[in-house]
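One-based numbering along the sequence shown. First listed ligand is number 1; within each ligand, the first listed atom is number 1. None of the values given here were measured: they were computed from a predicted structure.
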Amino acid sequence: MAFRTRFAPSPTGYLHLGGLRTALYTYLLTRRNHGTFVLRIEDTDQEREVPGAVEKIYASLAAAGLNYDEGPNVGGDYGPYIQSQRKDLYLPYAQQLVESGHAYYCFCTREELDERRQKAAERGETFKYDKHCLHLSREEREAKLAAGVPYVIRFNMPTEGTAGFDDLLYGRLDVDCSTLDDIILIKADGLPTYNFANVVDDHLMAITLVTRGTEYLSSTPKYNLIYEALGWEPPKYLHLPTVMADATRKLSKRYGDPSFEDLLDMGYLRDAIINFIALLGWSPRNERELYTMAELEEIFDVEGLNKSPSLFDMQKLTWFNAEYMRKLPFEEYLRLATPWFEKVLEPGKFDLRRLAELTQSRTEVLNRLPEMVDFLAKLPEFDNELYTHKKMKTNPEIAKDALAWVLPVLEGVSEWTESALHDTIMAAIAGSGRKNGQVLWPLRIAISGRAATPGGAVEIMYLLGREETLARVRHSLSRL
Ligand code: GLU
C-alpha cells in the first residue's frame, strides 16, 4: 500500500518551530518509508489568514530542505492543494451524510445558541449543541428551506458508547460519545469548516498517515466517526507532543520565542537547526548527537519518539550550531561570516580571510561576530585593571614597563607580516630575559581593549596594520 503523508499548515503567520518539527518528522517518516509527502494549505478560515503567509510557508520549507512531492507550487495528481480552491467539492459529501442520516440541517441562529450557551454556563455545564434541529419534522424542515432560512449542516454524533482510534505513539484512545458535540461540517455560507475539509481532503488525497500536534487528539475520534459515516477507511494517526518554551507554556511567537526564520536571520545554520529539532522529542537510542538530514532520512522512526512534551533549549541549539560552524568548509564559513564582519568593519580595510580563520572555531552563532571583532574598527574604552592577570603575572605596572620596552621593538619591524612580527618579538623577548606572557598579554590588551579576542597579539597586530598598531600601543601606554 502506498505511504502518503501531508503537512497541512493554516496560513496564519510564521512557520513556528513546533510546526517545523511536525513537518520534519512527517518528511523523515515519509522518506524512510519511500512514501509521498504532500503540502496542503488549509485556508478555509479566511478571516485568520495573514497576507503573504502562504509564500512564507513555501519559502520556509524550502529553506529547511523539506521538499514535498506534491503541493500547490509543485503540482501533483490530487490537486488543487489549497483548500480555498477546492471549496465546491465539500458540500456534496455533507449532503450525502444528510441523506444517510449522519448529518442534519440546523437553523438555530447565533442568538439562540448564545442564549443556550449562557444558560449552560449558569448551570455550570459545558455547552454542547442539543440536537434541537435534528428533531424538526420533515414539514418544518422543508418549510424553512423553502423560506430560505440560513442553515448549517451538523454531524449527528452518536450519544452512547465510545469512539476512538489507535495512535501510533499514544496507543488506543477512546472517548465517551456523550461528550461529543455535533460539529458543523458546512457553514451558513456553504463553505466547509476546517474540521470537515481536513477529513475530506485527507481522504481525497489518499493520505495514509496523518501527523499533527497533540492539540488535535480530542478531535480525532470525531473525525474517525465522519470517515466511518462516509464509508471511508480512516488513515493511521500519529500525534506529536508539544514543544514547550518552559515548564508552563508552549513555544509561541506571541511570547517572543523565535520562529525558524528568526533563527536563520540570527545566523543559526539550517543543518544545525534541523539536527536540533530532530532530537527535540525523538531519540536514536544512542549517545550520538550529530546527524545530517540524509542520515535522519535513513534512521528516523516512530519507536524513538517521546510521549512527553519537549523543552526548547536555546543553549542546546547554540551548542549544535557551534559544532556545525566548526565543521563548515572554510570558504563557506568565510562567505557566511563576511556580511556579519562588514556590519562593523569597513569593507576592504581588513584581511577578512585571515580574520575568518581566527574566528571560525569560536563562532557559536553568526550574529555574535560583530561584537567579537568590532575592537578592530576602534579601540574600545577599557579599564587598566584588564592588564591584571594572575597566571600571566601581569598588572598595570608591569604592563607599562612592557609596553614602553616593546614599542621600539615594533617600530623596528620592517615587514608587517605575522611571521616577521612573531620572530622579531620572540627574539627580542628571549634576549631581554622577560617572560612571554608579561609582554604578549599586556600588548594584546593594549591594542584590543579586550580580555578575549580571536587570535593573539601577533595576529591582531597584523590585522590592524603597522600604523594603527603603533598608535594604539602609544595611546594605551599614555593612559597607564
Ligand atoms: N491546519 C492545521 C494546523 O495548521 C493542521 C491540522 C492537521 O494537520 O490535521 O494546525
Open item on the list: With no hydrogens and no angle check, just 3.5 Å: does a side-chain donor-acceptor pair link D182 and Y104?
Closed with: yes

Task: For atom 4 (O) of ligand 1, the protein heavy atom that lies nearest, with its residue and separation - done: S10 N, 3.1 Å

Task: Residue portion contacting ligand 1 (non-hydrogen atoms closer than 4.0 Å) for Y216 - done: side chain

Task: For E42, atoms of ligand 1 separated by under 4.0 Å from a heavy atom - done: 1 (N), 2 (C), 5 (C), 6 (C)

Open item on the list: For the 3.5 Å polar cut-off, considering only N or O atoms, please tell me whether A8 and ligand 1 meet it.
Closed with: yes

TODO: Going by the ring-ring contact (aromatic ring centres under 6.0 Å, His included) test, name the single residue among F260, F312, Y324 that passes it with F276.
DONE: F312

Open item on the list: Under a 3.5 Å cutoff, is there a donor and acceptor pairing between the side chains of T36 and Y68?
Closed with: no

Task: Residues T318 and Y268: side-chain donor-acceptor under 3.5 angstrom - done: yes

Open item on the list: Between ligand 1 and R6, can you find any atom pair, the residue atom being a heavy atom, that is separated by under 4.0 Å?
Closed with: yes

Open item on the list: Check for me whether Y194 has a heavy atom closer than 4.0 Å to any atom of ligand 1.
Closed with: yes

Open item on the list: Check E70 with R6, please: is the shortest side-chain N to carboxylate O separation under 4.0 Å?
Closed with: no

Open item on the list: Using a 4.0 Å cutoff against the non-hydrogen atoms of N198, which atoms of ligand 1 qualify?
Closed with: 6 (C), 7 (C), 9 (O)

Open item on the list: Does only the side chain of T22 get under 4.0 Å from ligand 1, or the backbone, or both, or neither? Count heavy atoms.
Closed with: neither

Open item on the list: Is a donor from one side chain sitting under 3.5 angstrom from an acceptor on the other, for T453 and R444?
Closed with: yes

